[in-house]
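One structure is given here, and the rest of the page talks about it.
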Amino acid sequence: MVENRPLLTFFSHLALIIGISFIALPVWLAFVVSTQEASALFSGQVPLWPGEHFIENYSSILFEGEKNSGAPPILLMITNSLVMAICVAVGKITISIISAYAIVYFQFPFRQAIFWMIFMTLMLPVEVRILPTFEVIAQLGMLNSYAGLTIPLIASATATFLFRQFYMTIPDEMIEAARMDGAGPIRFFIDILLPLSRTNIAALFVILFIFGWNQYLWPLLVTTDASYYTVVMGIQRMMAVPDSDPIWHYVMATAILGMIPPVIVVVTMQKLFVKGLIETEK
Amino acid sequence: MSTVTLKDLKKTYANGFQAIHGIDMEIRDGEFIVIVGPSGCGKSTLLRMIAGLETITDGELMIDDRRVNQVEPGKRDIAMVFQNYALYPHMSVYDNMAYGLKIRKKSTEEIAQQVNRAADILEIGALLDRKPSQLSGGQRQRVAMGRAIVRDPKVFLFDEPLSNLDAKLRVQMRIEIRKLQRALKTTAIYVTHDQVEAMTLADRLIVMNGGLPEQIGSPMELYDRPATTFVAGFIGSPAMNFIPVRVDKKGATFPSGQNLNFSVPSGHENVLLGIRPEDIEITTPDLADLTLKVSVIEPLGADSLIYGSCEGMKEDLVVRVRDKATVQEEETFSVRFNQQKLHYFDPTTNSRLP
């Protein structure tokens, strides 16, 4: 039903504009601050329009980092964050899609028990098991490495559970038809299940990428070598400078740069999974 | 083009439930076999055992002269059409049909040739680029059949393939399946619960009940000489009427006490007389075998069904008359049985008396 009610349109737009400004204003301010000179910010008044030091600030933070607080160049930290987020997302999806396949389609002893064991780890977030996990990683000598950053975060009960639920909605005839066509378990998985799970994979990738990107406590614990710092902990380090004020325009520039990759992932993947949702018959 | 041999085939599930109690059968080359029965009779289980989707607990299954009890479904050289079609939703019609051939590592040209041949036979050439979600029910059905014939298998298996279609389309596809099977001369095994489908498609019918075949034979054999009351009641619509008849020294009597005008097989005290609705005609009182009182009349167009009650009988007798019924509800009328079409059964064993 399309109605032409100008007043309603006006108010709904107004509400939307107010909502958007609530979200957008801090981001805008962060951007504005990141383009100012250090001296512009001492007055205590936050300017509302960008200054003239955009290129200068960004290039120094990207390639040199901030010496005072011992933060490495942002480019390195972004790369670290990317490696971590992608490894965590891809690893989680790979592990959980395979374990869900085993749990749903294969008969083996203690199948239900194993499923419930995986399911119960849902109740144990990273923070709860962080000390024993740290101990294990330290014993294995994986501190200060990408492996140490990512592997402990890869096991995922949530993703396993989601894939399991999705597989259960696929009719049994589908696997029977594939068996009649002569497809073995691996062909069935690659040719039928994976393409059908495309939308789930896309949605999970977005969620898990952001989960990996936003990890703070774990990277803080396992990395002492600055070359393995991630963006999120980098920002924290820049804020916690001893005996002086944080250099706000650098902090904000880092925050802006740290936001870009997740935004790109969300925007590109969103297209993919909306398209998938329309196309797949389910 | 093959024979299928079932030797004392049995299926017992892990929980101890015996679904198939032992079936012996030889299916000839190019024969169209229909397995029919009520739900839970084991007909689908039997088909799935032949397909290899259910394990065989006991007995032997041979395709041609090869024992295939332990052979994977994909290696039995059979094709199956599923009730809900089970098309791969993410693949185009072409890919759906080509998938089995791809797995068998056929060359691209051979696959294209085979798929196009099948598409021509089924007249779905224009749909090859579409996804299953863009097809109507009837078109999906054709694609499912295309997927079966493209491989040129030894045996076709059909698991209630028409039950998801509307009535009109079902009749049309039924005829097409028959024509197709005649043209390809491939051995086919078809499971249905619909006795019209069973009668029209089958070269030979298997009527199953409780995990056992009640009777195996051509549709007309089963119609003319049902071996048990179950087959008699299952084949033919509306179902055969059964009238319990008492036999003593004086002769045979209906439940109403009326005497029968014809002889019944001797040596039994109680006999179940079976007569099909179409073998009863309305007549004048002096020629009557039985007098009935109309309870319901169902006009079907070409003919009408008259349900008549008779004293001493629990169930109404059904009479089929051509055109419109000449009697009114609540009226009494006289009927005569066609003496050539009487069936007698033993009420204790339910089997046919000679």
Side-chain angles (χ1 to χ4, degrees), chain A residues 93 97 100-101 104-113 162-163 165-205 269 271-282, chain B residues 14 44 47-48 50-55 71-92 95-106 111 130-135 140 143-148 150-151 153-161 164:
Chain A
I93 289 172
I97 207 166
Y101 181 52
V104 176
Y105 287 101
F106 292 88
Q107 300 286 335
F108 52 89
F110 309 116
R111 188 165 74 133
Q112 279 300 313
L162 283 175
F163 280 119
Q165 294 309 99
F166 171 67
Y167 291 162
M168 309 253 273
T169 66
I170 293 176
D172 287 344
E173 275 94 344
M174 203 67 78
I175 190 167
E176 288 172 354
R179 283 180 72 191
M180 302 295 287
D181 273 340
I186 293 176
R187 292 301 299 258
F188 174 70
F189 182 67
I190 293 171
D191 291 346
I192 316 284
L193 270 190
L194 278 188
L196 288 178
S197 322
R198 222 178 49 160
T199 49
N200 295 44
I201 293 172
L204 269 173
F205 184 82
M269 295 303 263
K271 270 186 190 159
L272 181 80
F273 80 66
V274 169
K275 189 172 151 225
L277 283 179
I278 299 165
E279 270 185 4
T280 328
E281 177 214 36
K282 264 269 131 252
Chain B
S44 279
L47 188 80
R48 292 165 57 83
I50 297 171
L53 299 171
E54 296 276 1
T55 53
V71 179
E72 259 295 294
K75 303 225 162 78
R76 291 190 183 191
D77 203 2
I78 49 180
M80 185 156 169
V81 178
F82 293 87
Q83 180 173 356
N84 65 7
Y85 320 135
L87 300 175
Y88 310 125
H90 58 291
M91 293 187 194
S92 68
D95 290 335
N96 260 289
M97 285 164 63
Y99 187 62
L101 296 173
K102 267 182 201 157
I103 287 181
R104 284 174 179 74
K105 305 221 160 49
K106 297 274 163 50
I111 293 176
R130 296 213 198 152
K131 292 273 172 71
S133 56
Q134 297 163 307
L135 302 177
R140 281 181 213 188
V143 176
M145 285 183 7
R147 194 166 63 174
V150 79
R151 294 213 325 257
K154 286 181 176 168
V155 186
F156 285 140
L157 304 176
F158 296 91
D159 189 6
E160 309 209 15
N164 284 355

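In the text below, chain A, chain B and the rest are named by the order of the sequence lines, each starting its count at 1.
Using a 4.0 Å cut-off between charged side-chain N and carboxylate O, A/Asp181 and B/Lys102 make no salt bridge.
No more than 12 heavy atoms of other residues, nucleotides or ligands sit less than 6.0 Å from atom CZ of A/Phe110.
Taking CE of A/Met180 as the reference point, atom CD of B/Glu72 lies at 10.5 Å (rounded to 0.5 Å).
Residue contact with chain A, scored on non-hydrogen atoms closer than 4.5 Å, involves the backbone and the side chain of B/Tyr88 alike. For chain A, the nearby parts of B/Ile78 are the backbone and the side chain; heavy atoms of each come within less than 4.5 Å.
Among all heavy-atom pairs drawn from B/Asn84 and A/Pro171, the shortest one is ND2-CB, 4.1 Å. Minimum heavy-atom separation, B/Ala86 to A/Ala177: O-CB, 3.8 Å. For B/Leu53 against A/Arg179, the heavy-atom pair with the smallest separation is CD2-NH1, 4.0 Å.
Residue with the most contacts toward chain A among B/Met80, B/Met91, B/Arg76: B/Met80 (heavy-atom pairs, distance under 4.5 Å). Counting heavy-atom pairs under 4.5 Å between each of B/Ala79, B/Gly52, B/Pro73 and chain A puts B/Pro73 at the top.
B/Gln134 pairs by the side-chain hydrogen bond (donor to acceptor under 3.5 Å, both in side chains) definition with nothing, not counting sequence neighbours.
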Compile the donor-acceptor pairs under 3.5 Å between side chains in residues 185-196 of chain A and protein atoms, sequence neighbours left out, one pair per line.
residue  : atom : partner  : partner atom : Å
A/Arg187 : NE   : A/Asp191 : OD2          : 3.1
A/Arg187 : NH2  : A/Asp191 : OD2          : 3.1
A/Asp191 : OD2  : B/Tyr99  : OH           : 2.8

- prompt: Can A/Arg198 and B/His90 be said to form a side chain to side chain contact (heavy atoms under 4.5 Å, CB included), step by step?
  reply: CA-CA 10 Å; A/Arg198 222 178 49 160; B/His90 58 291; over 6 Å; no
